[in-house]
Amino acid sequence: IDDLAKVDYSLNSLPAVFQPFIDLDLKGIVYPAGNCSGPPYVAAPFTIPDQSDSMLYLAFSEYFFQTSSFAYYTAGAFNITIAEEVIKSGKLFYLFFFFFLQTCSYFNISTEIFGSIIPEVAKYSVTPYPVMLKLMATEIPIISLEQDSFTVEIEGSMEVFAVLPDSTPQSLFTMNIAANTSIALNIFDQKLMGSLCLNR
C-alpha cells in the first residue's frame, strides 16, 4: 500500500464460477510493513446482498478496516508533529484528529489563541509565539461498520509547544483526547465522497 503497510489479498478459496457471475473470496488482511504477524482480530463471515443490476460489486469487511487501523497504529502513522508552516499548507489529511487539524488550518495558531482559552498560557507567554503540536494515538483506533456509514473511535494525546525565537520548543500543556466520529460515503458527480460527523 505504502511504506507503512502492506495488504494480503490472496484467495481464501477457488473462485466460484456461475453462469451470470464469478465470486472471488479474498483475504483482505493489512499488515505493518516488515511485520507479517497476525493482527489481534478474528475475521467474522459476512454475506453480500443478492443483486444483479450492476457489473461489479465490492465488499469490504469490518476485519479489513480493523487490520488497517492496527497496521498503521503499529507503524506509528498516527503520531504526527505539526508545525506552523505544515498547518498552513493543508497537506495533512490524516483521519486521526481530522476535525482538530481542519480547525487549525483556518488559523495562524499561536500562543495568543491558546492564551484566550487557557489563562495559564496567557500568563506564561505574554509575547505571541508560533505553536507546534505533537499528536499521538494512545490506543488502536476502533472502526465499526454501520448500515449506511462507519464509526471511528480515537483515543490520543496532544502536546502543545511554544516555538521560541531561537527555534527551541517549550512545552505548554498536554491534553488527552477521545473522539467518536461517523463517516458516511456517497457517490456524487461520479466521485466517492465522504461526509464526517463528530458524535462526541
Side-chain angles (χ1 to χ4, degrees), residues 1-80 92-102 135-158 176-200:
I1 301 174
D2 52 28
D3 294 338
L4 301 177
K6 57 184 179 180
V7 60
D8 179 359
Y9 55 90
S10 57
L11 284 167
N12 278 325
S13 58
L14 290 175
V17 181
F18 302 93
Q19 185 175 0
F21 64 89
I22 297 175
D23 193 358
L24 298 176
D25 183 15
L26 305 177
K27 277 189 177 181
I29 305 174
V30 181
Y31 297 99
N35 182 6
C36 289
S37 59
Y41 305 105
V42 177
F46 69 99
T47 57
I48 302 175
D50 187 14
Q51 297 176 340
S52 58
D53 56 344
S54 293
M55 181 176 176
L56 176 67
Y57 288 93
L58 294 175
F60 294 92
S61 67
E62 193 171 83
Y63 180 78
F64 172 79
F65 293 104
Q66 289 173 338
T67 59
S68 299
S69 178
F70 170 78
Y72 281 101
Y73 174 82
T74 303
F78 299 121
N79 301 337
I80 309 167
L92 289 171
F93 193 70
Y94 283 100
L95 185 60
F96 183 63
F97 295 136
F98 176 82
F99 294 98
F100 184 80
L101 297 180
Q102 285 296 94
L135 306 174
M136 181 179 68
T138 55
E139 299 287 343
I140 301 172
I142 300 173
I143 301 175
S144 304
L145 298 183
E146 308 293 341
Q147 180 65 32
D148 298 315
S149 64
F150 59 94
T151 62
V152 181
E153 294 184 41
I154 302 169
E155 291 189 21
S157 66
M158 177 181 71
N176 293 329
I177 298 173
N180 182 295
T181 65
S182 293
I183 303 173
L185 299 177
N186 296 288
I187 296 178
F188 178 74
D189 194 21
Q190 296 185 352
K191 294 181 180 178
L192 184 64
M193 309 289 288
S195 58
L196 301 173
C197 177
L198 183 62
N199 299 327
R200 71 175 191 271

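In what follows, every heavy atom counts, from backbone to side chain, and hydrogens, waters and symmetry copies are set aside. We number each residue from 1, following the sequence as shown.
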How close do Val30 and Ala5 get, heavy atom to heavy atom, and via which atoms? CG1-CB, 3.9 Å
Rounded to the nearest 0.5 angstrom, the CD1-OG1 distance for Ile177 and Thr138 is 9.5 Å
For the backbone of Lys191 and the side chain of Asp189, can you confirm whether one donor and one acceptor N or O come within less than 3.5 Å of each other? no
Tell me whether Glu62 contacts the main-chain N or O of Leu145 through its side chain, where contact means a donor paired with an acceptor under 3.5 Å. yes
Is it the case that the side chains of Tyr73 and Asn79 hold a donor-acceptor pair, with the cut-off being a distance below 3.5 Å and no angle test? no
Side-chain contact, heavy-atom cut-off 4.5 Å: Ile143 with Phe150? yes
From OH (Tyr41) to OG1 (Thr67), nearest 0.5 Å: 8.5 Å
Hey, are Asn199 and Ser182 close enough side-chain-wise for a donor-acceptor pair under 3.5 Å? yes
Looking only at heavy atoms, what is the nearest atom pair of Lys6 and Pro32, with distance? CE-O, 4.2 Å
Distance from Ile154 atom CD1 to Glu139 atom CD, nearest 0.5 Å? 12.5 Å
Does Leu11 have more than 12 heavy atoms from other residues, nucleotides or ligands lying within 6.0 Å of its CG? yes
Within the 4.5 Å heavy-atom criterion, are Glu146 and Ser144 side-chain neighbours or not? yes
All heavy atoms of Ser149 vs all of Ala184, minimum pair found to be CB-CA, 3.8 Å
Using a 6.0 Å cut-off, check whether atom OH of Tyr9 has over 12 heavy atoms from anything other than its own residue. no
In this structure, OG1 of Thr151 is separated from CD1 of Ile142 (nearest 0.5 Å) by 9.0 Å
What's the separation between atom CD1 in Ile183 and atom OG1 in Thr181, rounded to the nearest 0.5 Å? 4.5 Å
Backbone N/O of Phe65 and side chain of Ser69: donor-acceptor pair under 3.5 Å: no
Any side-chain heavy-atom pair from Tyr63 and Ile29 closer than 4.5 angstrom? yes
Would you list the pairs meeting salt bridge (charged side-chain N to carboxylate O under 4.0 Å, His left out) in which at least one residue belongs to residues 26-38, sequence neighbours left out? Asp8-Lys27
To the nearest 0.5 Å, what is the distance between CG (Leu26) and CZ (Phe64)? 10.5 Å
Is there a side-chain contact between Leu4 and Tyr72 in this structure, where contact means two heavy atoms from C-beta onward sitting under 4.5 Å apart? yes
